Structures are given as C-alpha cells and as structure tokens.
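Following: one structure in structure tokens, then a few remarks.
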Amino acid sequence: MIPDEYGRFGEFGGKYVPETLMSALTTLEKDYLRLSHDPEFTKQLSFYLEHYLGRQTPLYYAEHLTKLIGGAKIYLKREDLNHTGAHKMNNTLGQGLLAKMTGKKHVIAETGAGQHGVASATVAALLGLDCTVFMGEEDMERQALNVFRMRLLGAKVVPAVSGTKTLKDATNEALRFWVEHVEDTYYIIGSVVGPHPYPMIVRNFQRIIGDETKEQILLQEGRLPDSIIACVGGGSNAMGIFYPFVLDKDVRLIGVEAAGEGVDTARHAASISRGSKGVLHGAMTLLLQDTYGQVQPAHSVSAGLDYPGVGPEHAYLHDTGRATYVSITDKEALDAFQQLAQVEGIIPALESAHAIAYAVKLAKELPKEHLMVVNLSGRGDKDVHTVQQYLGGEFHG
Amino acid sequence: MVNRGRKAIEDRFAKDGKKAAFIAFAMAGDPTLEESYEIILELSQYADIIEVGIPYSDPLADGPVIQGASLRALRAGTTMDHAMTMMRRLREHTDVPLIAFTYVNPVIQYGIERMVKALLEAGVDGMIVPDLPYEESGPLREALHQAGLAFIPLIALTSQDRIHTIAASATGFAYCVSSLGVTGERSKFSNQLEEFVSKVKEYSPVPVAVGFGVREAAQVDFLKTFADGVIVGSAIVRYVESIYKAHQQGNIEAAQKARQNLMDFAKSLAFATGRKGDKDE
C-alpha cells in the first residue's frame, strides 16, 4: 500500500506540520476514504467532470509534429482542453466536493501563476463556497490578469509578503491561515505536495488523466505506450498520468523539470536532479536548499514549475528508479512553445512546453514504432504575454 | 556546576502551584549575533528559562513578528554553527536553562547525532521543533532523551485524543499552544484554555507551560492560576525589532532605549510570574 499508514512513500512523505493541524489531517484522511467510496460523491464528481469540465479529454495523435521529427509516434493528452485551461480542475473539483460534503463553507488555496487559484475560485463559485487565495506579492504583479480572474469569480486574493513572495511563501501563508481557521476551513492544495494525506488525495483525483490515457491508447493503438512524458513542478499532472502505469513496467515514465537558465547555474527549479532530501511544506521530499537546510529560491520562465520542492511520490519514483527525471531550460521550452503552436496549432502552457521540448528531443532518437504520450497539461493563453516579453525581437514567425 | 539537561529545566518550575516560570524567547542573530548574545544574557536575569530561536527560511508555525526575526537573523548570516557557538558562550556566563528552538529541516540537514553532540557541548538543555509532531519525532526525541536532554512537545487545542500520548512523552515541560494559529500576540485566550491545560497536566509527568499570544503581565496573572509556566516570544521579539530599526537609522540612543524597554518588560513578566527579578535570589 503506497503511501503507508504514516503517509510514507518509501522514505518520503509523512506529516511535518504544527500539532494544531494533526487532527485536521487525520479527519481529512478519514473523510476522504469514506467519501471516495460514497456513491453520491462519486456520482456528483463524475457529473461535473463530464458536463462541467468537458472530460474525457482527447488523446490526440500529433501527426504533423511526429512527421516533422521523424521518430517516435507522439500523442498529446489534451488536458489543455479542460474548463479553465489545465488539469488543475480535476483536483479542485474533487477537493471542492470534499469540502462541501464535509460541511465546510470556506476554502483556501495557494497559487503561483494563478492557475490553481483560478481553478479553486471556479469550483468555489460553482459549489457556493467562500474562497480565499494566497498568492505571492511578486506573482500577483506578474500575473495580474489571473488575479483579476479570481476576483471576478468572487474569490478574495491575499498577497503573501513573506520570504521570496512567490509560490513557496503563498503555501506557507495558506498553511498559517489554515492553522488559525482549521475548524471551519478546507485547504485545497494544488499539487501532489504537502503533508499526508494531500499527496495521495491529489494524485487520486488526477489519476483520471492516466486512466483515460490507458483506455484511449488501447483503443487507438491496441497496446500500451512505450513512454509517457510530463512536466514536473510540484508534479500533479505528471503523477496523474504516471500513476495508472506504475505497475506496467515496460512503460517508461519521464518527468521533466525546469532547468531555468541551466541546472549548473543558481537559477533553476530542478528539485529532483539537483535537490537533496529534506522537509518542505509538511513532507519529506527532495528540495533546493543550502547545507544548513535553508530553502533556496527556484527559477523557471514557467511560474507553475517555479517551486523549490516536488511531491514526495515523485521523490520515491526517482529513488526506486521507476521514473526518470530530466530537465529542460527556459530557452528550450520557449522553442517548443513556438514549435507546437506553428506545427499543430496548439499553444501549450509554458509548463507543458517543457514536456514537449523533451519529447521532441527524445523522439528523434527513437524508432517509428515507439509510442510516446506527452501530457499537454495546460494551454498557453496565460503565457502569451510572458513569451512575448522573453522573445522580444527574436520571434521566428 | 548544576545539573544540566532536562533536569535543569524541570527544576526551574515553581512547585507550590501559585507561581509560574517565565520562559522567554529570543532569536539567535537578531539583530546581530553579538547583540542577540548580549540581549539573551541580560534576559537571563529575569527569565527562568530561555528559548533560543535558530533562524529558518520557512518558519510556518510563526506569525509575522518571529518570521521577521528569522529573516533578520538569516540576513545577518546566522547559521546553526553560529547559534551553537553563541549558546556555548552564554553557558559560560549563566546557569539559566537554554532551549534550542528550530524547525525540522535544519535539524535533518545538520544531522541528529551531530545536533545532540553540539547541544551537549554548548550546554543547551533541550529542544523544541514546532513542525515535528509526535509521529515523526521518534528519532530526535530518543537521541535527546538518551543524552539526558529535553524534547518539549507542543500540544494544541485541537489535539483531543492525542493529548495523552504527547503529554506522556514530554520531558522538560509540555508546551500548550494557547490558541489556534501561529505565534503572535493576542488580546484574548480561548475559553477552553484552562480546561485544556488541566487535561494536559493530568497526563504530563513534567510541568506544563502555555505559549502563543502572551503579550503582557496582566495575562500572566490569569495564566499562572493554572499553568506552571508562561512562554513569551513575539512580544519580546517586537522590542528587538525596534532595536534593529533604531540601528538602521543610526540612532544609538533609540536602540539603547528600546533595549531598556525590553528589559523593563522582562522584569514586569518576571514579577507577574511571582518571582523576584533576579536569578540569584
């Protein structure tokens, strides 16, 4: 059983939180285990997933990209087509319903780029819950439009002014707020991070990506894929598509981290490749830190990957060798961003562009029979402005 | 040489039930390592026990005031080794029990074995790690206990059926968190506080102290009717913040005044806890 009763994935995971939260985490685990088998809960969740989110999402054979590369056959799992533009809603719908069915009136969330904040605000509006989103002050400036979207959806957005004023600090603020309001507030964590049972709950709500992929590829190709590629910040889209394939040993699972300006520089977000074991946001995991355990700032052009830690189950999959983790630089991701737009007419999220970039790199070296699935976790509308600024005069249109 | 370790802490608590121990918190390296040394040494005249904070980049159990202290200390370049050296210097000049307060990640990176050795060498008597709940604390707790040092667990209003297990494991003292939320001054305590503290007392083999939110002597008058000790952190750190700001402005006089205010405050707490303001009494 993974995780075990202590919320451990091998050496990783667990609950490293202030005592005030311990009983809330235990209650959450019990509520989750009960409701995940409750017919009313599953009925409502399936209804919203289908009719509100628009699932299932297509598994699209990217023929033009495949032909251009001339190697492996590339499929794209189109999570970008979900309502609000990314896989994030799979999780917020599930957790929002958990909050509602356990009688909570108020939900809180942390957000980096604003995608999870928007997804939480959306679900709160849908289910009639109050919503407060914590967002780093710096991110609020960088992603002003998403701040407006959240407010439009009726959420309150609170700036996190501590530390680096980014996602890491927004998460700290959300946890601090939760400690104080634990009795009537539900905390919707946005990724497979945090103390147990969150990494398990978020994974289980996101596994629909992998479950659908399996069904679709069997239908379209009559066999399982040879490799699956997904980007990893906290790692929820990757965990979602990997998880149903973990026992299918012949399927290569590849997580792509953000190398920022290069993993040998001080500016990257490669917590698995370049991090070390330690505790961040309530879980034992791999993170960027100095020798004294002070958490170091991460960097990526993609705000969603700009996080100094990673979900504990990824640390475990890395440790056991079941999944491989590689990294892609800002530059490579920006190139892939443009390439996919021009070749397939799909503008990917900058996060997903990291997965595309590695897929393209790898596909070149593989035979045509190799079936590759790339999780296109989100769409790039939110990033157009950033990309425009980065490219400046270099746009090769 | 007096006993050190958990015994030193436990012996500091008043025994007749009417008086409470005054436990002060200050951050190593705030505003600078040298001045935090001087401040803590001076505080040791009034406090029965001192918690020395070791700064951490992501102190999620702390409110804005102590977060600020952590940040100032880190900016001043304070490391675990610096904090250990400072506490060793303190030990050469005072017998006051010292407790190292830090988060789990710095402990893991330093290494438990190395940590315990450093604490022993520095003459530190125990540890508090606010993000290390009972279930995860086994290895550190056992290593500290084996060395005769205290591992002081936090118990919260929400601990409910966990109270028994946690309280029973306490050494040094059991730390009752007065309210929901992070550290910081509060004007009012939960109605359930007294009942909660009595319940902890039932199971704890060691004294029971209350912290989080204590900001003035008047609150101490109330808390000492049922708690064995009172922990004051943010209210002290706020004075240190004033010292820091005065230095920033180059106003030495204002810095000295803020320090005097801090000591007057400490004296008022020492008095309110029912002890004389001089440790040599």
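Hydrogens, waters and symmetry mates are skipped; everything else that's a heavy atom, side chains included, is used. This structure is a prediction, so every number in the text was calculated from the model and none was measured. In what follows, every chain begins at residue 1, and chains take the letters A, B, ... in the order their sequences are listed.
- Under a cut-off of 6.0 angstrom, the local environment of CD in B/Q248 is crowded, with over 12 non-hydrogen atoms contributed by other residues, nucleotides or ligands.
- Judged as a side-chain contact (heavy atoms from CB on, under 4.5 Å), and not counting sequence neighbours, the contacts of A/H106 are A/I108, A/D130, A/T132, A/F177, A/T185.
- Contact annotation for B/P130: only backbone heavy atoms (N, CA, C, O) come within less than 4.5 Å of a heavy atom of chain A.
- With sequence neighbours excluded, the residues that form a side-chain hydrogen bond (donor to acceptor under 3.5 Å, both in side chains) with A/Y186 are A/Q95.
- A donor-acceptor contact shorter than 3.5 Å links the side chain of B/T158 to the backbone of A/T20.
- Residues A/M284 and B/I108 meet the side-chain proximity criterion, which asks for heavy atoms closer than 4.5 Å.
- The backbone N or O of A/G278 lies less than 3.5 Å from no partner atom in the side chain of B/N105, so there is not a single donor-acceptor pair.
- In this structure, B/P55 and A/Q294 approach most closely via the heavy-atom pair O-NE2, 3.1 Å.
- If you measure heavy-atom distances from A/Q296 to chain B, you find no contacts under 4.5 Å at all.
- Heavy-atom proximity under 4.5 angstrom to chain A picks out B/S57, B/D58, B/P59, B/L60, B/A61, B/D62 from residues 57-65 of chain B.
- Taken from CD in A/E19 to CD1 in B/I155, the straight-line distance is 7.5 Å, to the nearest 0.5 Å.
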Which pairs of donor and acceptor atoms, one on a side chain in residues 110-118 of chain B, lie under 3.5 Å apart (sequence neighbours left out)?
| unit_1 | atom_1 | unit_2 | atom_2 | d |
| --- | --- | --- | --- | --- |
| B/Y110 | OH | B/D81 | OD1 | 2.6 |
| B/R114 | NH1 | B/Y110 | O | 3.4 |

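- For A/T291 and B/Q109, the side-chain atoms include no donor-acceptor pair closer than 3.5 Å.
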